[in-house]
Every structure is written in C-alpha cells, then in structure tokens.
Amino acid sequence: MSQISVSLPDGSKRDLESGATAIDLAKSIGSGLAKAAVGAVVNGAESDLTAPLPDGAQVAIITAATDEGRHLLRHSTAHVLAQAVVQLFPGSKFTIGPAIEDGFYYDFDLPGGKTFSEEDLDLISNKMREIIKADQPFVRSEVSVSDALQLFADQPYKCEIIERVTSGGADGADADEVGSGESISVYRNTDTFVDLCRGPHVPSTGRLGHFALQKVAGAYWRGSEKGPMLQRIYGTAWESKAALEEHLTRLAEAEKRDHRRLATELDLLSFPSELGGGLAVWHPKGAIVRKLMEDYSRARHEREYQFVYTPHLANANLFATSGHLDFYKDGMYPPMEMDNGVYYPKPMNCPMHCLIFRSRQRSYRELPLRLFELGTVYRYERAGTLHGLMRIRGFTQDDSHIYCTEDQLQAEIISLLDFIMSVLRAFGFNEFTANLSTKDPNKYVGSDSIWEKATEALRGALDTYGLEYKIKEGDAAFYGPKIDIDVRDAIGRKWQLSTIQCDFNLPDRFELEYVGSDNARHRPIMVHRALFGSVERFFGVLVEHFAGAFPAWLAPVQVKVLAVAQAHEEYAASIVQHLSALGFRAEAVIADDQLGKRIRNAKVEKVPYVLVVGDDDLANGTVGVNPRGGDVQRDVALNDFVNTLRADVAEAAIPGLSQ
RNA sequence: GCCCAGGUAGCUCAGUCGGUAGAGCAACGCACUCGUAAUGCGUAGGUCGCGGGUUCGAUUCCCGCCUUGGGCUCCA
C-alpha cells in the first residue's frame with residue numbers, strides 16, 4: 001500500500017497510508033486529539049475530518065474548544081435544527097442557517113404561514129436530540145448545478161441561492177452556504193434530508209449535543225424589508241456541557257445587569273408609557289449620577305474647548321442648508337408649523353455650531369476652534385428599534401465640532417484619542433479598540449485627495465497613539481472618514497462609545513471660511529466628536545458595566561449611616577451632617593426596621609459605605625464601617641473614615657472638581 | 001415599519017377550561033430597640049393595558065388599538 005506524507009503545524013511530518021483522512025491523522029497522534037477533533041485545516045482551507053488527505057498537505061486539526069471548532073459545531077447543529085423542523089413541520093422551506101457569535105440560527109418559511117411558538121422550541125429540541133442520538137453521518141458530495149436544482153426542486157430558497165451563486169451574484173451569506181466554486185456542495189444526513197452547504201461539518205451528528213434553542217424571531221429573507229418574513233430560530237452550541245452552562249450563566253449575568261431592570265430596582269429612572277416610547281424621566285438617584293457625569297465632562301472640557309448653547313428647535317431652512325432634510329429626514333421628528341415658517345426639533349447639533357463658526361470672520365489664528373455643548377437632540381427612531389437608554393428618541397450628546405486646517409488634523413486626532421481614553425478610563429473602562437471607516441466609493445462628497453489625506457491622518461493618529469484598530473472599508477458616512485472607539489465592559493461585552501468623524505460636507509454647505517496667513521480665504525475641515533456619544537446611553541452602559549454598583553465618586557448615595565438603636569440616632573444624624581458639610585452624599589436611615597434589615601437594604605441599594613453606630617461609637621467618636629465588597633471594621637475614628645472616603649472618591653482624579 | 005411573545009397591586013409573578021382575583025417583596029400601622037444581608041402581627045392597595053364584539057354574564061373567547069420585550073430592517 002502506498003504512503004502519503006503530511007506536515008503538521010509544528011513543522012513535523014507524518015506518514016500515513018494513501019487515502020487516510022484527517023481523523024486517521026488525529027488518531028495516529030493521540031486518542032485525545034481524535035476525540036476532540038471536529039474538523040481540519042488542509043492547505044489553509046477548512047475541511048471535513050473524513051476527507052482523504054492529499055500527499056504533502058499541510059494539516060492542522062480543529063478541536064472543539066477553539067473558536068473555529070465551535071463555529072463548526074454550531075454550523076453542524078444548525079443543520080440538525082433544519083432537519084428537525086423539516087421533519088416536524090412537513091412542507092417547511094428552509095433557507096440559511098449560519099453560525100454566529102456564540103451560536104447559530106436557521107431561517108424557515110413554514111407552510112401556510114405558520115409561525116413558531118415558544119413551545120415549538122421544546123418540540124424541536126427533542127427532535128434534534130433524537131437526530132443527534134441517531135448519530136447520522138454528514139456526507140459531503142459535490143453535484144452539478146442542474147443536479148442541485150433538481151435535488152432542491154421543492155426548496156425555492158435553496159434554488160435561489162444556487163442560481164445567485166452560479167450567476168456570480170453571491171454575497172457572504174450565500175458563499176457560506178455553497179462556497180463560490182464551480183460545483184455545488186451538499187451535505188446529506190439521511191435519505192430524506194440534504195442541505196446545501198460549503199461545510200465543513202463534524203463527521204456525524206453524534207459529535208454534537210451541547211446545545212440550547214433560545215428564541216424565535218422574525219427575519220426578512222436576504223435581510224430585505226421587501227422580502228418575505230421568515231421564522232428564525234436562534235440557538236447556541238458548545239463543546240461541552242460545562243461550556244454551555246457557563247455561557248447560559250453569562251447570559252443570566254447580563255440579564256441581571258440589564259440597565260432597565262437596575263434602573264427600576266435602584267430607582268434611577270423610568271420610561272412611563274404616558275411619556276411616549278423612547279423617552280425617559282430621570283429620578284433623583286439617576287439624575288445625580290447623570291449630573292456628576294455631566295459635571296465631569298464639562299470640567300474636562302474646560303481648557304481646550306469653548307462652551308456654547310444652542311436651541312432645541314430650528315427653522316427648516318437651517319436643515320435645508322445642512323442637508324439634513326435631504327439625507328436625514330426619516331430620522332427627524334415631524335415639523336411644527338409656526339407663524340413665520342416651519343420648525344424642526346434638531347436631530348443634531350452640528351448645523352447650529354456651524355452658524356456660530358460663521359457668525360463672524362475667522363482667522364487661522366483661532367484654529368483649531370473647538371465648540372462644545374451637551375446638546376440634546378431628538379431623533380425619530382422607528383418604534384421597533386427602541387431599546388431602553390441604548391436607543392431612545394431624545395438624548396444628549398457630549399458633542400463637539402472642531403474646525404481646523406488640513407495640516408492640523410492629525411495632531412488634533414492624536415490629542416483627541418488621548419483625551420477620549422483618559423475620560424473613558426475615569427469611568428472604569430480599560431480595554432479599547434477602534435474601527436477606522438473609510439470611503440464608500442459609491443457614496444461620498446469631497447475630493448479624492450481630501451479623503452485620502454484625512455484618512456491617512458486618522459490612520460497615522462491611531463498608529464502614533466498605539467491603539468489597536470480594524471479598518472472597515474467603505475463603512476464611512478458620505479461626508480468623511482471616521483474612527484469609532486469600542487470599550488469592553490466588566491463581563492467582556494463590547495460597546496461602541498466614542499466617535500471621531502471628519503466632515504467635508506457641512507463646511508461646504510455652510511460656506512465656512514477662515515482667513516489664512518496668506519490673507520486668502522480657506523475652507524476648514526470639520527470634525528464631529530463625542531466621547532460618551534449619548535449621555536443617556538453611556539449612563540446605561542455604566543449601569544451594566546458596574547452592575548449598578550457605581551464607584552464612590554458616582555454613587556448616588558455614598559454613605560448610609562445606621563443607628564444601632566434609637567438612642568444613637570442623634571449621633572448618626574451628626575455624622576451625616578458632618579459628611580454632607582464636607583461635600584459627600586450621606587444619608588441616615590430612619591426606618592425602625594431591625595439593624596440587619598437596614599443593612600441588607602443598604603447593601604441591596606449597592607451603597608459604597610454603610611456605617612453602623614452604637615454605644616461604643618457614641619462614647620468614642622468612632623463608626624463601624626461596612627464597605628461594599630469589603631470586611632466590616634469596628635471602632636474606626638470618624639476622621640480616618642473621612643480620609644478613606646476622600647481617597648476613594650478622589651480615585652476618579654477629577655481635575656477642577658476636587659473636594 | 002415587519003415577525004414573535006407579553007401587559008393582572010408600586011415591583012416580581014400566580015390564577016380564572018367564561019361566574020369581576022391571589023402570593024412574595026415594597027408601602028402604612030402596632031409591638032420589638034436590636035452591633036453588621038430579611039423580627040412578628042395587622043392594614044391598605046387592582047375598571048386584570050384601552051376600545052369594540054360574542055354572551056344572561058368577559059380579566060378569561062374574538063377583532064382593533066396602545067404599550068413593553070426579543071429579533072429583522074434602520075442608525076446620512
């Protein structure tokens with residue numbers, strides 16, 4: 001029997017019998033590896049374990065507990081889901097079912113317009129477990145286009161995919177299904193179930209099993225509102241029971257941190273339906289946190305920026321000039337007819353800042369001119385898109401528009417990045433990544449050269465600053481390239497917060513000019529930038545990041561003072577008074593609940609410091625300190641506690657806001 | 001806007017196969033005066049989201065609307 005030789009990622013070589021597969025290779029290396037294997041990378045391309053290896057191939061085994069491995073498990077589990085649905089609901093048309101981050105989905109068109117209910121998920125899960133137990137093989141075959149069309153004759157969506165792929169119109173999702181080659185690859189599980197797929201897949205369904213179906217949702221075919229509405233089932237799948245459970249625990253943890261839930265529990269704010277969708281009222285506890293955030297923001301802008309204020313309404317002419325009525329009308333609230341014209345609530349602050357810029361002649365000596373405003377804007381978000389504070393219809397941007405010369409741009413961006421990171425760090429974020437969005441060649445204003453120059457300035461700034469970034473080709477708005485900054489929160493989720501956007505459009509539309517040192521008029525570049533983005537959304541992110549336990553400098557109540565018995569209440573009140581006089585937010589608890597209950601209540605409110613005072617404290621001028629997340633200390637001198645508190649609060653290092 | 005699931009006391013939820021409702025927590029009152037995460041007893045609290053229909057009778061069934069949540073789409 002002839003031999004083949006393959007090389008492994010570590011550079012070593014192995015000899016195998018001709019016709020050997022990746023699973024044979026894995027077995028020859030070790031039974032543990034064979035057991036963990038779910039796929040292989042052969043000569044750089046993902047491949048089935050059961051595919052014969054070519055002689056001289058570079059082979060890496062994909063194991064289950066890796067990103068690639070999980071992706072493969074999830075994709076295979078999606079096929080099992082499709083088979084289960086087709087079995088349970090005969091006549092179902094199945095469409096696409098990719099792996100996604102942390103899971104997978106599959107979209108179906110059910111006979112007679114049937115929709116899935118939550119109960120159906122159990123039914124489907126059980127059927128999936130049967131399929132997995134049956135250990136059906138995933139058998140790959142490649143067929144001609146005409147054979148494929150015949151094979152899927154009763155599956156119009158599959159036929160549409162095949163036709164698009166073969167006519168060269170495939171996009172990413174289609175390519176996932178069948179690849180983009182000449183022939184069509186399919187995977188067969190049983191005589192009756194075969195699915196279009198590029199693969200690879202696990203060798204058999206028995207390799208799967210640690211999955212959970214999560215929710216039913218509607219989704220448009222091909223993501224188009226004009227297409228039919230399909231029924232989507234979301235699920236997750238993992239390499240082991242433990243990993244699945246860990247994931248589900250993580251989801252539960254995220255749910256516990258949900259800012260809408262915590263906003264109610266901690267009495268921060270509410271969304272009364274009488275107000276209207278996407279609008280919030282801030283209760284005192286939420287408002288104080290917001291005020292502290294805004295105070296901090298203002299303090300940080302004190303030096304380099306000039307504060308401005310602009311109204312909430314503007315005449316339609318302004319938005320005609322800015323172009324918002326052309327490009328952004330769907331996002332704007334309906335107009336109001338008034339005596340001398342038509343007015344709109346502003347969806348953005350930039351047009352008004354441009355009016356300030358051009359209110360008089362500007363000299364190059366004034367640039368960069370940085371106008372700053374906590375500006376409240378109103379946007380008509382579609383009803384289905386509203387989401388707590390994360391997506392609302394009225395919100396406040398920590399908005400600045402910077403007018404500068406082309407030559408100033410890069411230095412400006414570098415210092416902006418530094419400023420942004422510094423502010424975000426003060427709010428407890430330490431992990432940052434950026435996206436650089438570049439020109440969409442089909443939709444842009446301004447010259448190619450200015451785009452190139454600005455994009456290079458942004459890229460250079462990111463490189464100089466040393467921030468990790470990805471380039472999103474073609475993702476910029478039509479008016480200029482941008483940098484978006486993502487942070488990672490305490491449970492590893494990414495949030496897009498800050499943004500820096502160049503604008504070559506508004507300066508033109510408003511005919512902004514400055515007089516240069518050459519005594520000629522020049523057009524400035526405009527940069528939109530926001531650090532929080534939206535104060536409301538940033539607040540929501542903070543609530544989730546801290547799980548409602550705000551750091552001492554932001555906590556609505558920093559100290560609660562509890563008297564052991566009524567006899568100590570006067571002393572408790574005097575401590576509150578003392579702390580308040582020093583500028584801290586302290587409260588005495590006047591309920592006549594038992595001490596343990598009052599402590600519990602304070603803990604549930606996530607107050608950073610609970611002080612308990614009794615006979616000993618009254619006698620000695622001390623307090624018992626029960627810090628959030630720390631151990632109880634008795635007999636602490638009041639001054640010592642004040643110093644601890646002061647140090648804790650000062651950790652945010654607020655310039656200009658020191659106590 | 002589209003698909004799905006909800007809307008019952010301040011909050012979290014149970015319930016009624018059609019005969020107008022219940023728990024825990026919270027609130028209030030009384031007693032307990034307590035040294036570090038839930039003392040006991042009691043009181044009050046609801047047009048069961050809104051409007052229509054079917055019915056002797058609707059919170060329950062049907063229709064419409066509003067609203068919330070999960071998705072899709074959207075976010076120049």
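Quick caveat, the model's predicted, so the values are computed rather than measured. Within every chain, numbering begins at 1; the chains are lettered A, B, ... in the order of the sequence lines, protein sequences first and strands thereafter.
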What side-chain donor-acceptor pairs closer than 3.5 Å can you find for residues 474-484 of chain A, not counting sequence neighbours?
| unit_1 | atom_1 | unit_2 | atom_2 | d |
| --- | --- | --- | --- | --- |
| A/Tyr479 | OH | A/Gln501 | OE1 | 2.2 |
| A/Lys482 | NZ | A/Asp484 | OD2 | 3.2 |
| A/Asp484 | OD1 | A/Gln496 | NE2 | 3.3 |
| A/Asp484 | OD1 | A/Thr499 | OG1 | 2.8 |

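Classification of A/Arg634 and A/Asp616 as a salt-bridged pair holds, one side-chain N sitting under 4.0 Å from a carboxylate O. A/Lys560 and A/Glu587 are joined by a salt bridge, as a carboxylate oxygen and a charged side-chain nitrogen come within less than 4.0 angstrom of each other. A salt bridge does not link A/Arg164 to A/Glu160: none of the charged side-chain nitrogens sits closer than 4.0 Å to a carboxylate oxygen. The residues A/Lys256 and A/Glu253 are annotated as salt-bridged, a charged nitrogen and a carboxylate oxygen being separated by less than 4.0 angstrom.
In RNA chain B, stems built from 3 or more consecutive Watson-Crick or G-U wobble pairs, each with both distances under 3.5 Å, span B:1-7 with B:66-72, B:10-13 with B:22-25, B:27-31 with B:39-43, B:49-53 with B:61-65.
Partner A/Tyr444 forms a side chain to side chain donor-acceptor pair (under 3.5 Å) with one of A/Asp440, A/Asn442, A/Asp448 and no other, that one being A/Asp448. Considering A/Arg260, A/Arg493, A/Arg257 as possible partners of A/Glu544, the one that fulfils the salt bridge (charged side-chain N to carboxylate O under 4.0 Å, His left out) test is A/Arg493.
Counting non-hydrogen atoms of other residues, nucleotides and ligands closer than 6.0 Å to CG of A/Asp631 gives a total of 12 or fewer. Few gaps surround CG on A/Leu88; more than 12 heavy atoms of other groups in view lie less than 6.0 Å from it.
Of the candidate nucleotides B/U36, B/U33, B/A76, B/U33 has the atom nearest to the side chain of A/Ala565. Of the candidate nucleotides B/A37, B/G35, B/A76, B/A37 has the atom nearest to the side chain of A/Ile599.
Using a 4.0 Å cut-off, no side-chain N or O of A/Arg600 falls inside it from OP1 or OP2 of B/U36. Between A/His387 and B/G70 there is a side-chain N or O to OP1 or OP2 distance below 4.0 Å. A close approach under 4.0 Å does occur between a side-chain nitrogen or oxygen of A/Tyr234 and OP1 or OP2 of B/C72.
Nucleotides B/C66 and B/G49, compared at atom C1', are 8 Å apart to the nearest Å. Only the C1' atoms considered, B/U20 is 15 Å distant from B/C56, to the nearest whole Å.
Counting any heavy atom pair closer than 4.0 Å across all strands shown, A/Met348 reaches a base atom. When heavy atoms are screened at a 4.0 angstrom cut-off, A/Lys215 is found touching the sugar-phosphate backbone but no base atom. Contacts of A/Arg634 with the nucleic acid, taken as non-hydrogen atoms under 4.0 Å apart, include base atoms.
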*Evaluate the ring-ring contact (aromatic ring centres under 6.0 Å, His included) criterion for residues A/Phe89 and A/Phe108: first the C-alpha distance (whole Å), next the side-chain angles of each, then the deciding distance (0.1 Å), finally the verdict.*
CA-CA 10 Å; A/Phe89 305 96; A/Phe108 303 94; 8.7 Å; no
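Geometrically, A/Arg74 does not engage A/Phe104 in a cation-pi contact, judged by NZ or CZ lying under 6.0 Å from the ring centre and within 45° of the ring axis.
Checked against ring-ring contact (aromatic ring centres under 6.0 Å, His included), A/Tyr378 has the following partners two or more places apart in sequence or in another chain: A/His312.
Between A/Gln594 atom CD and B/C41 atom P there is a gap of 13 Å when expressed in whole angstrom units. One atom, CG of A/Leu506, and another, P of B/A76, lie 14 Å apart when rounded to the nearest Å. Taking atom CD1 of A/Ile233 as the reference point, atom C1' of B/C72 lies 15 Å away to the nearest angstrom. In this structure, A/Phe478 places its CZ atom 13 Å from P of B/C75, rounding to the nearest Å. One atom, CG of A/Asp635, and another, C1' of B/U36, lie 13 Å apart when rounded to the nearest Å. In this structure, the NE2 atom of A/His259 is 12 Å from the C1' atom of B/G69, given to the nearest Å. Taking atom OH of A/Tyr571 as the reference point, atom P of B/G35 lies 18 Å away to the nearest angstrom. One atom, CZ of A/Arg382, and another, P of B/G1, lie 8 Å apart when rounded to the nearest Å.
Of the two residues near RNA chain B, A/Phe327 and A/Ser224, the one whose nearest nucleotide lies more 5' is A/Ser224.
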*List the protein contact pattern of nucleotides 2-11 of chain B with one symbol per nucleotide (5' to 3'): B for base contact, S for sugar-phosphate-only contact, - for none; contact means a heavy-atom distance under 4.0 Å.*
BBS-------
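Between A/Tyr157 and A/Trp221, the angle of the ring planes goes over 60°, which puts this pair in the perpendicular group of the 30/60° scheme.
Side-chain to base pairing of A/Arg391 with B/C74: one donor and one acceptor N or O lie within less than 3.5 Å of each other.
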Any N/O pairs under 3.5 Å between the protein and nucleotides 24-31 of chain B? List them or say none.
| unit_1 | atom_1 | unit_2 | atom_2 | d |
| --- | --- | --- | --- | --- |
| B/A26 | OP1 | A/Lys597 | NZ | 2.8 |

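Listed by residue number, A/Asp615, A/Asp616, A/Asp617, A/Gly624, A/Asn626 are the residues of residues 615-628 of chain A with a heavy-atom contact under 4.0 Å to RNA chain B.
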